[in-house]
Amino acid sequence: MTTFIEGGVTAAKGFTAGGVHCGIRKNRSKRDLALIVSDRPAAAAAVYTRNLVKGAPLTITKRHLENGTARAIVCNSGIANTCAADGLETAEAMCRLAADALGIDASDVLPASTGVIGPSLPLEPIAAAMPALAASLSASGSAEAAEAIMTTDTRKKEFAVTFRAGGKTCALGGIAKGSGMIAPNMATMLCFLTTDAAITPSLLHEALLDVVGDTFNMLTVDGDPSTNDTVALLANGAAENSLITEKSADYDAFCGALRALCAAIVRALAADGEGATRLLEVQVRGGATREDARTAARAVAGSSLLKAAIFGADANWGRVLCAIGYSGAKVDVQGVDVAFESSAGRIDVCRNGAGIPFDEDTAKTILTVPEITVDIRLHDGDASARAWGCDLTYDYVKINGDYRS
């Protein structure tokens, strides 16, 4: 059984975290450098953006994860360290600075950066702040680290869960950032996860890949896959459960907890999309295959026309069918049912691919609350999928019109 708890990325035993303002960002009240540390070697895995343009930290993280272990994650916000001539050297230097402050090997540090693409990331403020950052590490430091990785986010994203494995209670927690430049093409943001469960690196990576497919890959805000997207997961075994070495009941419990945690993070990311006023969840049932259901759900959640209609509380269901039709999913479009749901009620708007009478005022009431579900029933099989997004508002344009300032 998975239970949500407090603690974020430090809920798991043996992990500490911290965040400070080092000076990369102009706002001195904003933390911009984070550190997450395991008190012992940890199995580690990561999944990255599919964008061909990748941030330098991704290259170094991949290199440092070749042995399947890590001890720490260091991350700055403000500058993405992407498309900079000195990017690789800077990412390596960040690792050395963190390693020297912690007394560990630089190859056990995973670097990450987020912010403006293009400028070189200055090392001087990072070097100056690293001793204080290392000294700030604590078992209650998740919130500070979560704040330090934010860019245009309006609120921190940190969650944690517990589950049972090998006769022990294990914890799994994480922090994430992401508000814009988000599309369903892997993670589309930064997410750092920690667990005190003992599991082999190969199974850890397999579990992460599977869960990412149902969660982060089903998230979209604006259709732009970022260059620095990374989901990294460290498992240090401090819970002292029997090592998970095969797909067993313990492995299933771990995957279930990981899925619940990542789904909660994804919902928070979608709800905090740049300029968003509504969280949009698209639920598809009756797909011919799992991938067909996923494809249809992603297309609907990513439709700019539908997102704009949700902002206007307009039950323009034709935009749902339009998105399904161009998605590439194998669908009998004459067998599609659509309904809108929220805490204010449910209203059916389309049956068998055609409109049905419904009350527009009732529909508007349903679509005016902060969380909206588009319920889509296909009649092609028994596969299902969910995707998450948000509405498209005037503020999205304002935010991205002056992002660099």
Side-chain angles (χ1 to χ4, degrees), residues 47-52 182-188 206-225 229 231 255-256 259 262-263 266-267 269-270 273 279-310 314-341 346-356 358 363 367 372-392:
V47 185
Y48 315 93
T49 182
R50 295 173 185 168
N51 196 319
L52 293 179
I182 293 181
N185 197 8
M186 206 299 291
T188 61
E206 188 169 350
L208 185 61
L209 280 175
D210 185 50
V211 169
V212 160
D214 284 333
T215 55
F216 296 110
N217 274 2
M218 302 301 290
L219 167 67
T220 182
V221 168
D222 51 18
D224 275 17
D229 308 342
V231 177
C255 290
R259 194 177 307 277
C262 291
V266 164
R267 284 178 59 86
L269 292 167
L279 167 65
L280 178 63
E281 179 172 307
V282 178
Q283 181 173 277
V284 173
R285 285 175 278 189
T289 66
R290 186 184 187 192
E291 192 52 41
D292 285 319
R294 283 178 170 178
T295 299
R298 281 195 298 258
V300 173
S303 166
S304 294
L305 288 174
L306 178 64
K307 287 156 64 69
I310 295 299
D314 177 13
N316 194 340
W317 60 267
R319 295 178 177 180
V320 176
L321 264 66
C322 178
I324 294 171
Y326 66 61
S327 68
K330 295 178 181 178
V331 175
D332 176 6
V333 294
Q334 294 182 335
V336 180
D337 303 334
V338 179
F340 293 113
E341 290 183 359
R346 173 188 172 94
I347 192 163
D348 295 311
V349 294
C350 170
R351 188 171 297 123
N352 295 323
I356 58 175
F358 64 91
L367 294 177
I372 308 296
T373 297
V374 181
D375 185 19
I376 300 169
R377 308 292 180 95
L378 308 179
H379 296 278
D380 306 300
D382 56 8
S384 62
R386 286 184 299 169
W388 295 269
C390 60
D391 57 346
L392 180 60

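Below, each value reflects all heavy atoms present in this structure, side chains not excepted, and no hydrogens, waters or symmetry copies. All residue numbers in this chain count up from 1 along the given sequence.
- By the 4.5 Å heavy-atom criterion applied to side chains, Val374 and Leu280 are counted as neighbours.
- Between Leu208 and Asp210 the shortest side-chain heavy-atom distance does not fall below 4.5 Å.
- Ion pairing between a basic and an acidic side chain is recognised when a charged N comes within 4.0 Å of a carboxylate O; Lys330 and Asp380 show no such pairing.
- In terms of heavy-atom proximity, Leu306 sits nearest to Asn316 at CD1-O, 4.5 Å.
- Rounding to the nearest 0.5 Å places CD1 of Ile310 at 9.5 Å from OG of Ser303.
- Residues Val333 and Leu321 have side chains not in contact (no heavy-atom distance under 4.5 Å, counting atoms from C-beta outward).
- Here the shortest heavy-atom pairing between Ser327 and Ala296 reads OG-CA, 4.0 Å.
- Under 4.0 Å is where a charged nitrogen must lie from a carboxylate oxygen, and between Asp348 and Arg346 at least one such pair does.
- Considering only residues two or more places apart in sequence or on other chains, Ala207 meets the side-chain contact (heavy atoms from CB on, under 4.5 Å) condition with Tyr251, Phe254, Cys255, Leu258.
- Side-chain contact check for Thr289 and Asp292: at least one donor-acceptor pair (N or O, by modelled atom type) lies under 3.5 Å.
- For the residue pair Asn51 and Thr49, the shortest heavy atom distance occurs at N-OG1, 3.0 Å.
- Screening Val47, Val211, Val231 for a side-chain contact (heavy atoms from CB on, under 4.5 Å) involving Phe216 leaves a single residue, Val231.
- Annotation: the span from Asp229 atom CG to Tyr48 atom OH amounts to 12.5 Å, rounded to 0.5 Å.
- Judged by distance alone, the side chains of Asn352 and His379 never bring a donor and an acceptor atom under 3.5 Å apart.
- Shortest non-hydrogen contact noted between Val221 and Cys390 is CG1-SG, 3.9 Å.
- Checked for salt-bridge contact, Asp375 and Arg377 meet the test: a charged N lies under 4.0 Å from a carboxylate O.
- Rounded to the nearest 0.5 angstrom, Thr295 OG1 and Ile324 CD1 are separated by 11.5 Å.
- Atom CG of Asp382 sits in a sparse spot, with 12 or fewer heavy atoms from other residues, nucleotides or ligands closer than 6.0 Å.
- Side-chain contact between Val320 and Ile376 is present, with at least one heavy-atom pair separated by less than 4.5 Å.
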Residues Trp388, Val282; criterion side-chain contact (heavy atoms from CB on, under 4.5 Å); working and verdict = CA-CA 6 Å; Trp388 295 269; Val282 178; over 6 Å; no

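- Between Asp214 and Arg386 there is no salt bridge, since no side-chain nitrogen of the basic residue lies less than 4.0 Å from a carboxylate oxygen of the acidic one.
- Residues Ala270 and Gly389 approach most closely at CB-O, 3.4 Å, considering heavy atoms.
- We find the CG-CG distance between Asn217 and Leu219 to be 9.5 Å, quoted to the nearest 0.5 Å.
- Here CD1 of Ile356 is found 9.0 Å from CH2 of Trp317. Values are rounded to the nearest 0.5 Å.
- Residues Arg267 and Glu281 meet the side-chain proximity criterion, which asks for heavy atoms closer than 4.5 Å.
- What you find for Glu291 and Arg298 is that their closest heavy atoms are OE2-NH2, 3.0 Å.
- A salt bridge does not link Asp314 with Arg319: every distance from a Lys NZ or Arg NE/NH1/NH2 to an Asp or Glu carboxylate oxygen is 4.0 Å or more.
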